[in-house]
Each structure stands twice: as C-alpha cells, then as structure tokens.
Amino acid sequence: MLDTWTLLIIDDCAADRKIYRRYLLKDPHQSYQIFEADCAEEGLALCQKIRCDAILLDFCLPDMSGIELFDQMQQEIFKTSVPVIMLTGRGDEEVAVQVMKRGALDYLVKHNLTQDVLQLAVRNAIKQSYLQAQLSKTQERQRLIATTALRIRQSLNLEQILNTAVAEVQQLLKCDRVMVYQFAPDTDGKIVASSVDSFRTVALCDRVTAGDWGLGTGDKGTRRQEDRELMNREDVSQCLMPNSQSPIPYIYELGLCNCVSLKEEFNTNANLVVPINLSNNGNPTPKLWGLLIAHHNSGERHWQTDDAQMLNEVSVQLAIAIQQAELLAQTQAALAKEKQLNVFKSQIIATVSHEYRTPLTSILAAASTLAKYSQQLDESKQQRFLGIIEQKTRYMSKLVDNMLLVNQFELEKPKFKPIPLDLLQFFSDLIEQERETTGDRHELIFQITGHTQGFWGDRGLLQQIFINLMSNAIKYSPDGGAVEFHLIGKESEVIFYIQDRGIGIPIKDQENLFQSFCRGSNVDTIPGTGLGLAIAKGCVELHGGNITLFSEVGQGTKVTVSLPKVFPIDQLSPSST
C-alpha cells in the first residue's frame, strides 16, 4: 500500500491546477491528497490548517509574487522545512536563482512541463526534504548525545555519574523522570539514582523483583542466574529497544514482562526501558548491570523509536562511565589494601622484634646457666630453668601461630570447616587444660545453662576464640581472682562469655580493640601483641556470629560471643566446602 502525501497547489489559473492534479494522480509510484488555492491569501490560510508534504507555487499570483509568498510562509508558518517547487510561465534564469537561494527545492517552467517531469520533481523534492530533515535530526540527536555523554563522563565518582546521567537524560527526552535501577548479586536490586526526589503522580516502589521483569518467580537461588542469562540474550535486548518505527506507548508492549505486577508496582503505563550492559572480560555475552528507565505520566506520551535509540545510546555511554568508575574504585581499593598490608607487615616486624627479645633473653640466660653450671645445680633448680625455657618457647610458638592466623585474616579468610561438636565436653577439656597452666592466684569458674546440643562449628577456630579470650582475662588480671566462663544454650544459638575482675579497658580504647595490634593504654608493662581480640573476632565472624565487649577500668572486662548452632550452608565460601 502506497503512503499518501499531502500536496498544496497555489496557482491562480484553474486550468493549470487541473493539469497538475491530473498528472500527479496518475503517478503509479505515489498517492496524493491534493489541496488547491488560487491566491496567496488562500494559500497561507490552507498552510496554517494542513500539514503539507510539498507545495507547488506559481511565481505570478494576483495579490503578491510567489517569492514574496514563499518568504512569508518560511517566516510565519513552517517550523520545519517544507519542499517548495516554483512554477512560472517564463524560463527566467534570474528568477530561478532567486527562488533556489531562498530554499526552494526545484524550479519548473510551465510550457516545458510534462506528466513524467512533474511526477519525478515532486517525488524527488519530498524525498530530498525528508532526507535533509532526517540528517538534521540525526545530527542534532548526535550532538545532544555527545553533550550528554561528555557531562556523564566528566566524573569518575559512580554516584555523581549516575546523578548526572538521570538529570541529563531527563532534559534530553523531556520526560517526567529518569531512573537508574541496579541489579544486586544476592538481591533483586534497587533504584540507585533518580532525577526527581519526590514524584507525586507515581507511587514508585524502590524495589522491583526479577519476576516483575518477566524473568520467572521460582527459587531465587536457582533462578537468578537463569534470569540474568535470559535478560542478556539478544532477543530480550531487542525487546528493550525495538527496531520498528511504530510508537511505543507502554512498557509491557516492549516484551519485558507480563505487565500485571510491574504496572501495579510502578502505577504507570508510560515507561521506556533499556539495559545497561557492561563488557564481561572478553565474554561475548555482556554483563547486565542494571536498567535505564525513562518515565512520563503527566500527559499522553507515545515513545518513538528515536526516543528508544537515544536512550540506548546514552546507556552505552553510561555503561562505559560506570565501568571506568568501578575500575578506578577497584584500583584505589587495591592500592589501599596494599598500603594496609605494608603497614601490617611493618607492625608484624616491629611486634616480633619487640615481643621475641624478652623471651629469647630469658631462654638464652636459662640455657647458658644450665650449660655452664648444670653440675653445681640441684635437680629442682635445673627443672626451674627448664620450665622457664619451656614457658618462653610456648609463648613464642603461640606468638608465631597468632601472626600466621592474623596474616590469613588480612590476606584471605581461613577455611571454615564446621563439624558437629559437643560443646559441654569441648569447653570442659579446654578449661582443664587452662587450669593446668594457670597458677593458684586465678580461679577458673565454669557454668552451663540451657541445652547446647546440635551445634556445628570449626573446632580449631572455636579453640582460638576460647584460648585468646581466656588468656587475655588471666593476663590482664595480674592480681589474680576469679575468671568466669559461662556457656548458655538456646534454641538456635549458643552464647558464652568470659568475665574477669582485672584492670579493665578505658572507654576511649574500646572502639579499636578488635583491630590488630591495638591494646589498652593502661596495660603498662604487661606483655602482649594486641592480636587476641582481632583473632577472636575473625573466628567468630567465620561462624556467622557476633562478639561484644563491656569493660570498666579497675572493675574488669566481659566479652560475650553468640554463635548460631547451624551455619547457613548457602553462606559457606567455596574454600569451606
């Protein structure tokens, strides 16, 4: 079926108008709707009422010349260029030059006019005008997109990039609101940027589920990857930005979803959506980062393909900016981590140098005394010197173990291997071991309440928690006294706390005590590395638990640990299994 073009003939000669009409209606390649006017005034009135695809304009009119009328139409009526073909009974080249300079697309002499010539002239004029309009529109669109892309990419801060993008796109598309929706790896995602903070005409929820995008609503753990793969497929991307020339009034006509839940969620029927795809390390399938959404609800809005193309081109520039910002953030994080590790290594060297010197001096002194005077020393004195060597060696061995464990926490988490544990027996054995090495000045109290059965934990990590907390409680109670260990069993968790009556910790020091190499400012000459609480915290977090501390100077310290009885299997790292 042929498109119908609207043509206006302005000529004071009725016979000529009849000839032009007959010629054009016989065109086998084009269909026309033709309007006629016999003077400039009537021609101007018709131009204001109808949208013309082309105008045949006689040079000589009774009320003004064709050139004067053409100038008036250009100034007063036409917002965009309408092709005009000037007709004259004289083959005057000077007139032709004037007409063409003013923007007419062609100039025809009446007595040379044939059916084929007129048909071809009109078709060519309309097509040329259409191509010029498309070129101008494309150039303007590219200029706007380039300007938008430049503003988006002026920053490497992700938040600023997203906020700039939604503001620029809103101006670009002249719509009510633009949003960026980001998918999260372990949740459905959320709106991370919006060009309007409060939007009264739309009750827009900040969370959208994968099911709302037509991606299935099964178990999230098993469906999410399938959903992402589906959305990355080319056919879905084409649905997001159609290639057809037809208007796109509603989001659910894009093939994005089953429309019911999404329409209720957004409370609107005028959203245009394109994906934000990031390059995927050489993988031909891009990584779906999120969605760029244009919304218009304040009036009738039929999205055109040009709108979708512009939004899609902006999303490409936005994806580049996002990737650059993420790369910068990763680089900065890596540099910060490297700096942190360098500081950590320096602290290890300083701590080892300081903490090893005293026990090594004691070991060397005891060993030297035994080597030189073993014959003169009775058995009890020899055992005392051997005990010093053993005690200091154990201290140094524990220091090395702590350093290695903290190093694992800094570089990568130690493997977590939970097994069923009898906590009553487990802690009873540890308490007995501690009593064997603790002097008479300290009394270790062990109390149990509730049921502790059904606990799964990592034996080695749990032992580290106990040893470090218990040794701290004993060490920082230099005057002796009771050290209490309470084990409380609940339905889904176990809680234990260790309480001493020692020197306590100043409030100003408590905030950083769970960081490596941090100690209270009141420890005086009591030896220590500041690693015990950091190790305990790391081991507790691997169990999915929490650790808290309460302390008062001169009154003592209470450290409480809560651990789930069964660690969620889906939270285990690959190295744990």
Side-chain angles (χ1 to χ4, degrees), residues 3-25 27 29-144:
D3 291 334
T4 299
W5 288 343
T6 301
L7 188 71
L8 173 62
I9 302 173
I10 306 175
D11 194 320
D12 61 335
C13 179
D16 287 347
R17 295 198 306 271
K18 185 176 181 181
I19 292 172
Y20 306 151
R21 175 184 286 272
R22 186 175 73 251
Y23 283 173
L24 292 171
L25 292 179
D27 189 342
H29 305 290
Q30 190 58 54
S31 173
Y32 293 97
Q33 181 183 21
I34 299 174
F35 294 86
E36 298 179 14
D38 60 2
C39 63
E41 182 181 356
E42 186 181 354
L44 281 172
L46 283 173
C47 285
Q48 292 173 335
K49 292 180 180 179
I50 62 175
R51 180 187 177 279
C52 299
D53 292 303
I55 297 175
L56 292 179
L57 177 59
D58 187 11
F59 180 75
C60 295
L61 294 171
D63 45 355
M64 67 176 68
S65 72
I67 290 181
E68 292 173 334
L69 176 58
F70 179 70
D71 290 341
Q72 193 169 340
M73 286 190 299
Q74 293 290 88
Q75 294 172 8
E76 297 180 7
I77 299 176
F78 300 134
K79 302 292 183 183
T80 58
S81 178
V82 174
V84 173
I85 300 174
M86 190 69 72
L87 298 168
T88 180
R90 300 173 298 168
D92 191 332
E93 291 185 1
E94 183 178 346
V95 172
V97 170
Q98 292 181 41
V99 169
M100 301 300 281
K101 279 185 176 180
R102 281 170 165 78
L105 287 187
D106 207 347
Y107 174 85
L108 299 176
V109 179
K110 289 186 178 183
H111 67 263
N112 294 332
L113 196 62
T114 66
Q115 178 175 299
D116 291 341
V117 169
L118 181 59
Q119 290 174 358
L120 183 61
V122 172
R123 287 202 306 268
N124 287 343
I126 293 177
K127 289 178 181 178
Q128 183 179 344
S129 176
Y130 174 78
L131 291 175
Q132 287 178 344
Q134 287 296 106
L135 178 61
S136 298
K137 187 175 181 180
T138 300
Q139 290 175 338
E140 177 64 10
R141 189 181 78 186
Q142 293 301 325
R143 185 190 67 79
L144 292 172

Hey, does R102 have a side-chain heavy atom less than 4.5 Å from the side chain of D71? yes
For D16, salt bridge (charged side-chain N to carboxylate O under 4.0 Å, His left out) partners two or more places apart: K110
How close do G66 and L57 get, counting heavy atoms only, and between which atoms? O-CD2, 3.3 Å
For the residue pair A40 and D63, what are the closest heavy atoms and their distance? N-OD1, 3.0 Å
Close side-chain approach of L56 and V122, heavy atoms under 4.5 Å: yes
Taking the side chain as C-beta and beyond, is there a heavy-atom pair between D58 and M86 under 4.5 Å? no
To the nearest 0.5 Å, tell me how far K18 NZ sits from Y23 OH. 12.5 Å
Closest contact, heavy atoms only, C52 versus L8: SG-CB, 3.8 Å
Does V82 reach the side chain of S129, with side-chain heavy atoms less than 4.5 Å apart? no
CG/L105 to CD1/I126 distance, rounded to the nearest 0.5 angstrom? 10.0 Å
Are the side chains of I55 and F70 in touch, meaning some heavy atoms are under 4.5 Å apart? no
Applying side-chain contact (heavy atoms from CB on, under 4.5 Å), run through L87 and Y107 and close with a yes or a no. CA-CA 6 Å; L87 298 168; Y107 174 85; over 6 Å; no
Nearest 0.5 angstrom please: T4 OG1 to I34 CD1, how far? 11.0 Å
Taking atom CD of E41 as the centre, does the number of heavy atoms from other residues, nucleotides or ligands within less than 6.0 Å exceed 12? no
Can you confirm whether T114 sits close enough to L118 that some side-chain heavy atom of one is under 4.5 Å from a side-chain heavy atom of the other? no
Set of side-chain hydrogen bond (donor to acceptor under 3.5 Å, both in side chains) partners for R22, sequence neighbours left out: none
How long is the gap from CG on L61 to CG on L69, to the nearest 0.5 Å? 6.5 Å
Taking side chain to side chain contact (heavy atoms under 4.5 Å, CB included) as the definition, give me every residue that meets it alongside Q119, ordered by chain and number, with sequence neighbours left out. K26, D27, P28, Q115, D116, R123
Quick one: does C60's side chain get under 4.5 Å of D12's, heavy atoms only? no
Step-by-step side-chain contact (heavy atoms from CB on, under 4.5 Å) determination, I19 to R21: CA-CA 5 Å; I19 292 172; R21 175 184 286 272; over 6 Å; no
Pair F59-I67, side-chain contact (heavy atoms from CB on, under 4.5 Å): steps then yes or no: CA-CA 7 Å; F59 180 75; I67 290 181; 3.5 Å; yes
Between CD of Q33 and CG of L25, what distance do you get to the nearest 0.5 Å? 11.0 Å
Closest heavy-atom contact between Y32 and L7? CD2-CB, 4.3 Å
For a quick test of reading the model, state the closest non-hydrogen atom pair linking L44 to Q72 and the distance between them. CD1-NE2, 3.4 Å
Is there a side-chain contact (heavy atoms from CB on, under 4.5 Å) between N112 and V117? Walk through the geometry before answering. CA-CA 9 Å; N112 294 332; V117 169; over 6 Å; no
Heavy atoms only: give me the nearest W5-D53 pair and the separation to one decimal. CA-OD2, 3.3 Å
